[in-house]
**Q** 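One structure follows; several queries about it will come next.
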Number of protein chains: 2
Amino acid sequence: MLMDSVCPHNNTFHCSDCRMNALCLPLALQTREVERLDEIIQRGKPLQKDHHIYHAGEEFDSVFAVRSGSIKSYTISNNGQEQVTGFHLPGEIFGMDGIGQNRYTNSAVAMETSSICEIPFNRLQELSIAIPTLQRHFFQLMSLEITGEQQLLSLLSKNTAEERVATLLMSISNRNFRLKLSATRFRLPMSRADIGNYLGLTVETVSRVLSRFQKQDLLKVDKKEVELLNLDRLRELAN
Amino acid sequence: MLMDSVCPHNNTFHCSDCRMNALCLPLALQTREVERLDEIIQRGKPLQKDHHIYHAGEEFDSVFAVRSGSIKSYTISNNGQEQVTGFHLPGEIFGMDGIGQNRYTNSAVAMETSSICEIPFNRLQELSIAIPTLQRHFFQLMSLEITGEQQLLSLLSKNTAEERVATLLMSISNRNFRLKLSATRFRLPMSRADIGNYLGLTVETVSRVLSRFQKQDLLKVDKKEVELLNLDRLRELAN
DNA sequence: CGTCAGTTTGAGCGAGCTCAACGTGAGTGG
DNA sequence: CCACTCACGTTGAGCTCGCTCAAACTGACG
């Protein structure tokens with residue numbers, strides 16, 4: 001579902017050529033099956049920063065895969081404040097929160113210029129009946145989403161500010177590594193406010209923790225650019 | 001999948017007779033389809049308090065529905081401490097965390113004498129191909145699990161101790177109401193420690209909050225028995 | 001060059017934690 | 001039947017981590 005070619009925002013190519021397909025496609029899918037999946041996937045124009053893909057409450061009909069860039073999911077709670085529920089990097093699927101009630105419960109917005117693949121869910125369900133591997137893959141994806149949220153829950157309820165920030169950094173580092181990008185030098189696509197919101201901390205605390213990490217030579221930060229200098233210690237903090 | 005008859009722990013009856021079936025079964029399932037589902041479901045003997053249904057790391061092969069009693073899910077984090085991830089009441093499904101990695105990531109234990117239905121997941125997947133409504137239903141169940149965790153995330157990262165406790169009480173009240181039990185008088189099946197662990201609070205804080213609520217005539221607590229006296233105010237706190 | 005959003009740093013405060021003591025009730029064994 | 005234990009719950013006192021409020025800095029953009 002995810003590709004790159006000469007231009008990373010080109011939308012004329014296919015799943016079978018996509019550099020990301022090992023990540024978002026069922027591993028065991030046959031060539032013919034990839035083609036059938038390919039047929040139902042819609043590739044959109046590149047999205048500008050701050051462009052919304054959907055808003056909470058809108059009717060659900062598709063899940064999405066990130067092809068390039070990065071996407072933020074968030075909800076607005078009853079008392080009106082934002083809760084960031086996830087950051088989605090290339091190769092990752094988002095929008096599955098909408099399945100349960102036929103409406104998205106989150107909003108999704110591009111944190112930078114991004115491109116995504118849209119996967120109409122009804123078609124995906126039909127195809128899942130014809131291709132059991134695909135059904136299994138989607139059950140697994142959703143289950144992994146559940147266990148991911150549970151780990152985050154544990155992080156928020158038991159860990160200190162430093163541990164939370166270290167965990168997020170290591171998570172992004174690992175996901176970058178999976179994308180064959182550098183695990184030690186990368187750009188944080190989200191603001192300090194988003195990091196804090198996601199981790200249950202204030203902007204000030206996030207900023208202070210990063211400064212402290214820098215002072216301890218665990219990393220170097222310059223605005224959004226990060227270089228991790230002591231992976232072992234950070235991994236230890238992230239535990 | 002859930003039933004009662006003369007003895008609530010009787011395990012010879014069928015989904016079609018079960019008082020709970022509107023809760024855990026796809027609403028639109030045909031009689032013939034319910035029978036096919038019924039065939040794959042295994043009903044076990046009643047479980048004693050503290051009996052484990054599965055442990056984290058064990059091979060996954062079934063999801064479960066609570067027929068009577070109550071079940072606690074929890075994980076052990078890397079630093080060895082328990083994190084309660086959920087409380088499951090009659091009519092609710094648990095064990096879906098195991099699908100993603102073919103191993104349970106949580107452990108599940110009976111908080112009191114309980115009975116459950118076991119649903120072998122491979123058979124459920126096969127049946128989902130034959131009965132698309134069932135496939136859809138399970139996608140929805142898992143999606144609701146995701147949005148539930150996200151709400152909890154927001155609760156832990158943004159709300160005070162009082163709001164968290166009120167939210168849990170209202171949640172149990174609503175689930176009891178759905179089970180046609182009293183929404184205002186019930187027994188908390190879990191210990192104060194479990195409540196605190198689940199809500200990211202210490203036992204002491206949970207105890208203090210309950211005492212404060214009682215002093216403000218919002219409720220009456222006696223050990224595990226609770227009577228909610230001011231639902232409006234509690235709902236307001238829970239928001 | 002002024003504006004404005006995002007970030008950093010400092011100072012003080014408070015909600016919930018820690019530690020400690022005590023209360024309660026169920027289970028056990030003399 | 002009482003004494004003892006042990007898990008669980010409650011209450012109090014003091015402390016601490018992260019929050020709040022405030023001010024200053026930075027860089028992008030019109």
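Chain identifiers are assigned alphabetically (A, B, ...) following the order of the sequence lines, protein sequences preceding nucleic acid strands; residue numbering begins at 1 within each chain.
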**Q** Has B/Arg185 got more than 12 heavy atoms of other residues, nucleotides or ligands less than 6.0 Å from its CZ?
**A**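 Count not over threshold, so no.
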**Q** Whole angstroms only, please: what is the CG-P distance between B/Asn197 and C/dC17?
**A**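 After rounding, the reported distance stands at 12 Å.
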**Q** Check step by step if ring-ring contact (aromatic ring centres under 6.0 Å, His included) holds for B/Tyr198 and B/Tyr74.
**A** CA-CA 9 Å; B/Tyr198 180 66; B/Tyr74 67 94; over 10 Å; no
**Q** Is a side-chain donor-acceptor pair under 3.5 Å present for A/Lys158 with B/Asn197?
**A**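 Note: B/Asn197 and A/Lys158 side chains meet the donor-acceptor criterion.
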**Q** So which of residues 155-165 of chain B are in contact with DNA chain C, with a heavy-atom cut-off of under 4.0 Å?
**A**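 B/Thr160, B/Ala161 - these, ordered by number, are the residues of the stretch whose heavy atoms sit under 4.0 Å from the strand.
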**Q** Can you tell me how far C1' of D/dG27 sits from CD of A/Glu225, to the nearest Å?
**A**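 For the pair A/Glu225 CD and D/dG27 C1', the rounded distance is 15 Å.
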**Q** Please report the distance, rounded to the nearest Å, between CD in A/Gln81 and C1' in D/dC19.
**A**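 Atom-to-atom, A/Gln81 to D/dC19, this comes out as 13 Å.
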**Q** Is the phosphate of D/dC19, meaning OP1 or OP2, less than 4.0 Å from a side-chain N or O of A/Thr202?
**A**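 Yes, such a contact exists.
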**Q** Are there over 12 heavy-atom neighbours, none belonging to A/Lys224, within less than 6.0 Å of that residue's NZ?
**A**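 Above 12, so yes.
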**Q** For A/Asp222 and A/Glu225, indicate whether the former's side chain and the latter's backbone hold a donor-acceptor pair under 3.5 Å.
**A**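 A pair under 3.5 Å: no.
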**Q** Look at all strands and tell whether A/Gly200 reaches a base, only sugar-phosphate, or nothing, counting heavy atoms closer than 4.0 Å.
**A**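 A/Gly200: backbone/sugar contact only, no base atoms under 4.0 Å.
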**Q** Using side-chain heavy atoms (C-beta onward) and a distance below 4.5 Å, is A/Glu82 in contact with A/Lys72?
**A**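 The answer is yes; the side chains approach within 4.5 Å.
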**Q** Taking CG from A/Leu199 and P from D/dC19, how many angstroms apart are they, rounded to a whole number?
**A**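 For the pair A/Leu199 CG and D/dC19 P, the rounded distance is 11 Å.
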**Q** Once you round it to whole Å, what is the distance between P of D/dA28 and CG of A/Asp222?
**A**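 After rounding, the reported distance stands at 10 Å.
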**Q** How long is the gap from CG on A/Asn230 to CZ on A/Arg235, to the nearest 0.5 Å?
**A**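 Rounded to the nearest 0.5 Å, the CG-CZ separation comes to 9.5 Å.
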**Q** Should B/Asn159 and B/Asn239 count as side-chain neighbours, where that means a heavy-atom distance under 4.5 Å?
**A**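 Answer no - side chains too far apart.
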**Q** Under 3.5 Å, which protein N or O atoms sit close to an N or O of nucleotides 6-12 of chain D? Give each pair with its distance.
**A**
{"residue": "D/dG9", "atom": "OP1", "partner": "B/Arg192", "partner atom": "N", "Å": "3.4"}
{"residue": "D/dG9", "atom": "OP2", "partner": "B/Arg192", "partner atom": "N", "Å": "3.1"}
{"residue": "D/dT10", "atom": "OP1", "partner": "B/Arg192", "partner atom": "NH2", "Å": "3.4"}
{"residue": "D/dT10", "atom": "OP2", "partner": "B/Arg192", "partner atom": "NE", "Å": "2.9"}
{"residue": "D/dT10", "atom": "OP2", "partner": "B/Ser207", "partner atom": "OG", "Å": "2.9"}
{"residue": "D/dT10", "atom": "O5'", "partner": "B/Ser207", "partner atom": "OG", "Å": "3.0"}
{"residue": "D/dT11", "atom": "OP2", "partner": "B/Ser211", "partner atom": "OG", "Å": "2.5"}
{"residue": "D/dG12", "atom": "N7", "partner": "B/Arg208", "partner atom": "NH1", "Å": "2.7"}
{"residue": "D/dG12", "atom": "O6", "partner": "B/Arg208", "partner atom": "NH2", "Å": "3.2"}

